[in-house]
2 protein chains.
Amino acid sequence: MKTIKDIAKLAGVSVATVSKVINGYPDIGAETRQKVMEIIVQEDYQPNAIAKSLSGKQSHSIGLFINYNPTPGLHQAFFQGVISGLEKTLGLCGYDFVLFADLRWREQGNFLQKCRTRQVDGAVFMGINKEEPGLTEVLESDLPAVFIDGDQIGKRSVCVVWNNYSGVRQAIEHFYNLGHRKIGMIKGYPNIKPTIERTEGFYQALRQFSLTCLPEWIVGDDYLEASGYQGMRQLLRLSSRPTAVFCQSDSIAVGALKAIEEAGLKCPDDLSIIGYDDLDLCKYIKPRLTTVRQDTVLMGKTAAKALIRLINNPDSEPTKSMVLPVELVVRDSCRKLYI
Amino acid sequence: MKTIKDIAKLAGVSVATVSKVINGYPDIGAETRQKVMEIIVQEDYQPNAIAKSLSGKQSHSIGLFINYNPTPGLHQAFFQGVISGLEKTLGLCGYDFVLFADLRWREQGNFLQKCRTRQVDGAVFMGINKEEPGLTEVLESDLPAVFIDGDQIGKRSVCVVWNNYSGVRQAIEHFYNLGHRKIGMIKGYPNIKPTIERTEGFYQALRQFSLTCLPEWIVGDDYLEASGYQGMRQLLRLSSRPTAVFCQSDSIAVGALKAIEEAGLKCPDDLSIIGYDDLDLCKYIKPRLTTVRQDTVLMGKTAAKALIRLINNPDSEPTKSMVLPVELVVRDSCRKLYI
DNA sequence: CCAGTTTACTAAACCGTTTTAGTAAGTGTT
DNA sequence: AACACTTACTAAAACGGTTTAGTAAACTGG
C-alpha cells in the first residue's frame, strides 16, 4: 500500500505539501499542485482512512446499531429499505458505515463507548428500545445521532418517525367513504409507540367523522398473525359486529382473514379489512390487502439528511423530530357499502 | 474520552506498561497488573480502536460489500438473514463490520482499495457479479474474502454456496414419490449460476428417477412473477402437458398459480407446483406453496467461520468452496397421483 | 535599497496505540 | 565479590496521516 511518504518522495516535496494538495489548502503553488496531483493519479494513491481518522477529527463513517429482534411492531423488510436509503444518501457524501456487531454493545449497552472507540462521526439507531440502558449517555453526549421510528430526543439527536395518525386517518376515511359506519380495530402489542399512536389516531379519526364505536369492537394485544386470528374470532362472536375492521399490522390482518374464512364468511363481501405495513405478501394473498404503506427508503434518506445536518452544523439547534407521510394502498379487501 | 496516557498517569506507570497489561504480556508484575486493571475498570477505559488499527495490524473489522440490486435470482429477504448470521458469529469474536456505502466503490469497483483504506481484516461480498471490474485484484491479493453464493476463487478467498442440485433433486423426488412422472420446469434468468445449476440439477434428477421430459415442458426466462405467469400459460396450452411443474423461484410459482387459476384449473388438484426460496408469502398464499428453503442465517454463520479461519491461518490452503444443504418444505401445492 | 509583506514551502508535533530495544534492580552461581 | 541471568519496567520509534509554527525567497512600496 502506497503512503503519503511515497508520494512525497516521488514528487520531491514534503509530506505536508502532499497533504495540503489533497485537502485543497491555498498555500500551494500551481505547478507543485499539478505535479503532486499527477503522481497521486499515476500511483493510484488513496489516503489511509484509519490514519486520517486518528489524526483529524472526522472519520467519515457512521455508526449503525441495529436490533434485529426489536419490540414487536417492526416488520422484517423494514431494515433493508432503511439501510438502502441511508446508504444512498450518506454514500453520496463519502460516508461508510460501521455496523456494530460486537456483542459487547448489546450486553452492556455501551453505545457511546463503541462510537468513540471507532470514532464515528454520527450514529443511527434502529429497533433500539427507549429503555435500553446506555441510551441516556448518547442523548446527553454531543454525538450526532438519529433514531429511526423512535421517540428519543437528546442534545444532538433527532428522531425520524412515520405519521401514524395520518395513516390511521386515511384508513378510516377510506372505510367512511365506502359507507362504513361501524368500524372495529385489532390492536398490536400494548404500550409501544406504534400501538399507542395508531390507537389514539383511530379514536381521533372516529371523532373527525362523527362515528362511535362499541368498546367490544376493539380487541387484540399483539402484532402477530395468531393475535389477529383470535381477535377476529372474538369480533365474529359479537351479536352486533362492525362492518369494517382496521388491523394495526398486516400480520394481524392475515390472521383476521383466516378467521373470517374459517367462519364461512368472505372478505370483503361480509367484512372489510385494512392492514398496516404493506408487506410483500399483501399483493399475493386473496383478497389482495388494502393497507398503509410506510416508505422505508424515504425514511433512510431522511434520517441520513438529518444526520448530515447535525454533523455539519455542530452548534445549530437540531430539529427534534421529523414526521414522514404514509400512504394508503387500496387493493381488494374493502367493499362499498350501500346504506 | 480517556486515553492510555490518562490511565498510565493515574496508575503511576508508563503507557507501555498499560498496553502490556491490556494485551496480556508476561513481563508485568502481579501488583502492577492488579493496580492498572483496577484503574482501567474504575475509569471505564476502552482503547481507541482506530489507534489500535493504525498501530497494530488487525482492525477487528470486516468489510461488507452489498449490492442491493443484484443479478436476478436473489430474493429480497436474502441479505437480512445472511447479515444476521454474519453478525452473530463475527460479533462473538469481537468484530464489527464496515459497510461500504461510499459510492466510489461501485463506480470504480475498487474493492481492494476500500479495504486497504479502512484496514479491514477481511471482506464479505454479497450480490456482487462475477464480472464486476476490480474483483480480480481482490482475488489475487492476500485479503481474506468470502463470496456469498458466488463462484469466485482466489488466493485467500472462498465462496459459500447452496446445493442447488440437492434442492432440485428433493423437489423432483417429492413429485416422484407422489406418483408424478410427467414433470415440467419454469426456468429463471438464463446464464447465471442458480439457473444453470437448477436446470442441470433438474436433468440429473430426471435421469436418476429414469424419467423423460418433453422439450416443450421447459419454459421461462426470468425469476419474476410475470415470467411464471407466461410460462404456465404456455404449458397449459400444450396438448400433452406435465402433471407437475418445478419453478426455479417462488415468484415464478406465484405467477404460475395465477395462470392456473385463470385457466379455470386448480392447484394442486389439476397441477402440482413446487417453488424455490421459501419466501414469507409461501405460507400465506393459497394453496400454501411447497418450496425449497435456503437457510440464510446458516449461510451467514458459515461464511463468518470461513472468514475467521482465513484470517487466523494466514498460510493454510483455503477450502475453496463450501456447499450448504437446502431443505424441501412440504406444504399444500402438490397432490398425490394415483396411477 | 531596505523594511515589510506575501507566497510557497517544510519541520516537527500530534492523534492513541503497539512493540522493540534498552536498563536498572534483584537473584543465583562460583 | 564479580559475573551472568532473570524480572519488571520504560523510552522511543512506528503506524499514516493533519496541522501549526516557522522560514527562506520573492515581491512590494516609499
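Every chain is numbered from 1 and lettered A, B, ... according to where its sequence line falls, protein lines coming before strand lines. In this text, all values refer to a predicted model and were calculated from it rather than measured experimentally.
Between the base of C:dT17 and the side chain of B:Lys5 there is no donor-acceptor pair shorter than 3.5 Å. Residue side chain A:Ser55 reaches the base of D:dG17 through a donor-acceptor N/O pair under 3.5 Å, judged by distance alone.
Among the protein residues, B:Thr3 comes within range of the sugar-phosphate backbone only, with heavy atoms under 4.0 Å from sugar or phosphate atoms but none that close to a base. Across all strands shown, B:Ser53 has no heavy atoms under 4.0 Å from either base or sugar-phosphate atoms. Backbone-only engagement by B:Ile28 is indicated by non-hydrogen atom pairs under 4.0 Å involving sugar-phosphate atoms exclusively. Contacts of B:Asp27 with the nucleic acid, taken as non-hydrogen atoms under 4.0 Å apart, include base atoms.
Under the 6.0 Å cut-off for aromatic ring centres, B:Phe111 and B:Phe125 qualify, their centroids lying closer than that.
Side-chain N/O atoms of A:Thr32 include none lying less than 4.0 angstrom from OP1 or OP2 on C:dA8. Considering only side-chain N and O atoms, A:Thr17 lies under 4.0 angstrom from the phosphate OP1 or OP2 of C:dT10. Dashed line: the shortest gap from a side-chain N or O of A:Tyr45 to OP1 or OP2 of D:dG17 is under 4.0 Å. Taking side-chain N and O atoms only, A:Asn48 has no distance below 4.0 Å to OP1 or OP2 of D:dC15.
Between the CE atom of B:Met1 and the P atom of C:dC15 there is a distance of 15 Å, given to the nearest Å. Spacing between atom NZ of B:Lys9 and atom P of D:dT10 amounts to 14 Å, rounded to whole angstrom units. Atoms NZ (A:Lys20) and P (D:dT19) sit 10 Å apart, rounded to a whole Å. The CD1 atom of B:Ile40 sits 13 Å away from the C1' atom of C:dT17 (whole-angstrom rounding). One can place CD of B:Gln58 at 10 Å from P of C:dT19, the figure rounded to the nearest angstrom. Distance A:Lys2 NZ to D:dG17 P: 12 Å, rounded to the nearest Å. Distance CD1 (B:Ile50) to P (C:dT17): 11 Å, rounded to an integer number of Å. For A:Ile4 and D:dT19, the CD1 to P distance is 11 Å, given to the nearest whole Å.
Positionally, the nearest nucleotide of DNA chain C for A:Ala30 lies more toward the 5' end than for the other of A:Ala51 and A:Ala30. In terms of position on DNA chain D, the residue among B:Gln119 and B:Pro26 whose nearest nucleotide sits closer to the 5' end is B:Pro26. Comparing A:Val13 and B:Ile22, the nucleotide of DNA chain C nearest to each residue sits closer to the 5' end for A:Val13.
Counting only distance, with no hydrogens or angles, the side chain of B:Asp96 and the backbone of B:Ser61 share no donor-acceptor pair below 3.5 Å.
Taking the six-membered ring where the residue is Trp, B:Phe78 and B:Trp162 present perpendicular rings, their angle passing 60° and hence far from 30°.
Side-chain contact between A:Ile62 and A:Val98 is absent, with no heavy-atom pair separated by less than 4.5 Å. B:Asp6 is not listed as a side-chain neighbour of B:Glu43, based on a closest heavy-atom distance of 4.5 Å or more.
When all heavy atoms of A:Ala145 and A:Val138 are compared, the pair lying nearest together is CB-CG1, 4.3 Å.
Of the candidate nucleotides D:dG16, D:dT18, D:dT10, D:dT18 has the atom nearest to the side chain of A:Lys52. The side chain of A:Leu54 has D:dG16 as its nearest neighbour among C:dT18, D:dG17, D:dG16.
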